[in-house]
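For reference, the structure is listed below as structure tokens.
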2 protein chains.
Amino acid sequence: MAETVLELYHGSGGNKATAAGQPPRPRCPPPFLVKTYDLLEENEVDGGDGDGDSKRIVSWNAEGNGFVVRSPAEFSEFILPRFFKHNNFSSFIRQLNTYGFKKTSSKTWEFKHEKFRRGCKHLLVEISRKKCEPSMFPSYLKSCSEENAVSNSMEENRELIEENKNLKKERSQLQMQIAQFKALEMKLLECLSQYMDNHQNNKLRKLC
Amino acid sequence: MAETVLELYHGSGGNKATAAGQPPRPRCPPPFLVKTYDLLEENEVDGGDGDGDSKRIVSWNAEGNGFVVRSPAEFSEFILPRFFKHNNFSSFIRQLNTYGFKKTSSKTWEFKHEKFRRGCKHLLVEISRKKCEPSMFPSYLKSCSEENAVSNSMEENRELIEENKNLKKERSQLQMQIAQFKALEMKLLECLSQYMDNHQNNKLRKLC
DNA sequence: GGGAATATTCCC
DNA sequence: GGGAATATTCCC
């Protein structure tokens, strides 16, 4: 049986921002990318170790800006389990899609990624899981954005509630003002009627 | 090397509500539970197949309402990889915790779950991943609840905005009312002054 | 091709 | 013990 490649699980460890406040740029790329790169490098060796023809199973393409799985069956049976915890070609494809690789042709199993090139292992850190589409928003950004949405809504609510309170206070003051005007009106009318009465009385007195 | 148990991945398939609208009660339990149960069942066999003493590594407890890992090292090395894609005891423990199993003692590796009992494989469907605590809210419920929070906040906002609009309308009407009162007051005062003037004039006329 | 569930790992 | 990331699987 083929020897098993045992590697420490990478996870998100070491990719966090440091206490010094540096940007959260990952220092080491996701294990999937490293394993896929290593798997191709391994087959680039030209040494006569009897395994040199595994290039017919999988290898970098001619330009070195992508790779080709020439024999998916053998790739799944012999290569995959040495690097991953499975031997399913579709799981491998799923990961490629997750990391943004593109199948270049419907006829061959060639895959490309802008940052996945022969001799450029350092570029792997630039590749990250696809998580930025609205449909597959990253959970941490999602919850963050949703919390922001909640937070924003709550902030808006606070402002609206404050405005409501002020409007109600204003209404109360206006209603008091109106009540005072009504009272004043009453007094004025009363006053007027007094004068009118007097006027009338005077008139009557004159007439008498 | 120990033979590898290859099992179809279970996932969530077959556990969905049918088109007929039946409740989404799972028909088959999560693979982790089945594998753990099978692993214990396997060691219950008393046949003289030379593997009968694996009970000293792991087995149901005396009451059959839990199980004990007596030799974590051997369990990890020989049992785990035959049922799972790893040989890490801690990963096994992580899964037990995920499914709500409890460690019964700090001294032994005995675990229990209400629905995990010898001879009761049918109870496994009753066990589900822990996802209901506020701290470990399931992502679908979380996003749902957060969407609800947003939705609630937005609903509140709508109501507050509506109330604000009404309050402003009311304020405008009250201010118009006050303007009319002021105009009325002016007229009344004018009126009064006229009467007073007349009165004065009359008085003066009388005096002359 | 990707959504979503479970599995595995790492970390606190 | 559990949060959270990546990995693997299943399904549409």
Side-chain angles (χ1 to χ4, degrees), chain A residues 6-17 19 24 26 28-36 76 80-81 83-104 106 111 124 127-144, chain B residues 6-17 19 24 26 28-36 76 80-81 83-104 106 111 124 127-144:
Chain A
L6 281 183
E7 248 181 83
L8 269 180
Y9 185 80
H10 166 280
S12 60
N15 286 352
K16 292 182 182 175
C28 58
F32 171 75
L33 298 173
V34 176
K35 289 175 180 177
T36 304
S76 302
L80 283 183
F83 290 85
F84 304 99
K85 288 176 180 292
H86 65 84
N87 57 0
N88 303 309
F89 194 55
S90 60
S91 291
F92 180 70
I93 303 299
R94 185 73 195 85
Q95 283 282 69
L96 289 176
N97 286 325
T98 297
Y99 282 97
F101 283 75
K102 295 297 176 192
K103 196 169 186 290
T104 58
S106 59
F111 296 91
L124 297 184
I127 305 175
S128 58
R129 293 167 75 89
K130 276 199 292 180
K131 286 185 167 182
C132 298
E133 294 81 35
S135 54
M136 199 187 169
F137 224 35
S139 65
Y140 67 95
L141 278 184
K142 196 175 179 181
S143 78
C144 170
Chain B
L6 283 182
E7 246 182 82
L8 269 181
Y9 184 80
H10 166 279
S12 61
N15 285 353
K16 292 184 179 173
C28 56
F32 171 76
L33 299 172
V34 176
K35 288 175 180 178
T36 304
S76 302
L80 282 184
F83 290 85
F84 304 99
K85 288 176 180 292
H86 65 85
N87 56 359
N88 303 308
F89 195 55
S90 59
S91 291
F92 180 70
I93 303 298
R94 184 73 195 88
Q95 282 282 68
L96 289 175
N97 286 325
T98 297
Y99 283 97
F101 283 74
K102 295 294 175 194
K103 195 169 186 294
T104 59
S106 61
F111 296 91
L124 297 184
I127 306 175
S128 57
R129 291 166 77 87
K130 275 200 292 180
K131 288 183 165 181
C132 298
E133 294 80 37
S135 54
M136 198 190 169
F137 225 33
S139 64
Y140 66 94
L141 277 183
K142 194 174 182 184
S143 78
C144 170

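What's counted below: heavy atoms across the whole structure, side chains too, no hydrogens, waters or symmetry copies. All figures in this text were calculated on a predicted structure; none of them were measured in a lab.
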- Task: Report yes or no: is there a donor-acceptor pair, N or O only, under 3.5 Å between the side chain of B/Arg94 and the base of D/dG1?
- Result: no
- Closest to the B/Lys85 side chain, choosing from C/dT6, D/dT8, D/dA7: D/dT8
- Considering only side-chain heavy atoms of B/Lys130, which listed nucleotide, D/dG1, C/dT8, C/dA7, is closest? D/dG1
Which whole-number value in Å describes the distance from [X] [atom1] to [N] [atom2]?
{"X": "A/Phe84", "N": "C/dT8", "atom1": "CZ", "atom2": "P", "answer": "16 Å"}
{"X": "A/Lys103", "N": "C/dG1", "atom1": "NZ", "atom2": "P", "answer": "7 Å"}
{"X": "A/Arg129", "N": "C/dG1", "atom1": "CZ", "atom2": "C1'", "answer": "15 Å"}
{"X": "B/Asn97", "N": "D/dA4", "atom1": "CG", "atom2": "C1'", "answer": "15 Å"}
{"X": "B/Ile93", "N": "C/dC12", "atom1": "CD1", "atom2": "P", "answer": "21 Å"}
{"X": "B/Phe92", "N": "C/dA7", "atom1": "CZ", "atom2": "P", "answer": "12 Å"}
{"X": "B/Ile127", "N": "C/dA7", "atom1": "CD1", "atom2": "C1'", "answer": "17 Å"}
{"X": "B/Leu96", "N": "D/dG2", "atom1": "CG", "atom2": "C1'", "answer": "14 Å"}

- Tell me, with the steps shown, if A/Phe111 and A/Lys102 meet side-chain contact (heavy atoms from CB on, under 4.5 Å). CA-CA 5 Å; A/Phe111 296 91; A/Lys102 295 297 176 192; over 6 Å; no
- Query: With respect to the phosphate group of C/dT6, does any side-chain polar atom (N or O) of B/Tyr99 fall under 4.0 Å of OP1 or OP2?
  - Reply: no
- Item | Any side-chain heavy-atom pair of A/Val34 and A/Phe83 under 4.5 Å | no
- Query: Is there a side-chain contact between A/Tyr99 and A/Arg129 (heavy atoms, below 4.5 Å)?
  - Reply: yes
- Message: Please compare B/Gln95 and A/Phe111 by the position of their nearest nucleotide in DNA chain C and report the one closer to 5'.
- Response: A/Phe111
- Item | With sequence neighbours excluded, residues passing ring-ring contact (aromatic ring centres under 6.0 Å, His included) with B/Phe101 | B/His113, B/Phe116
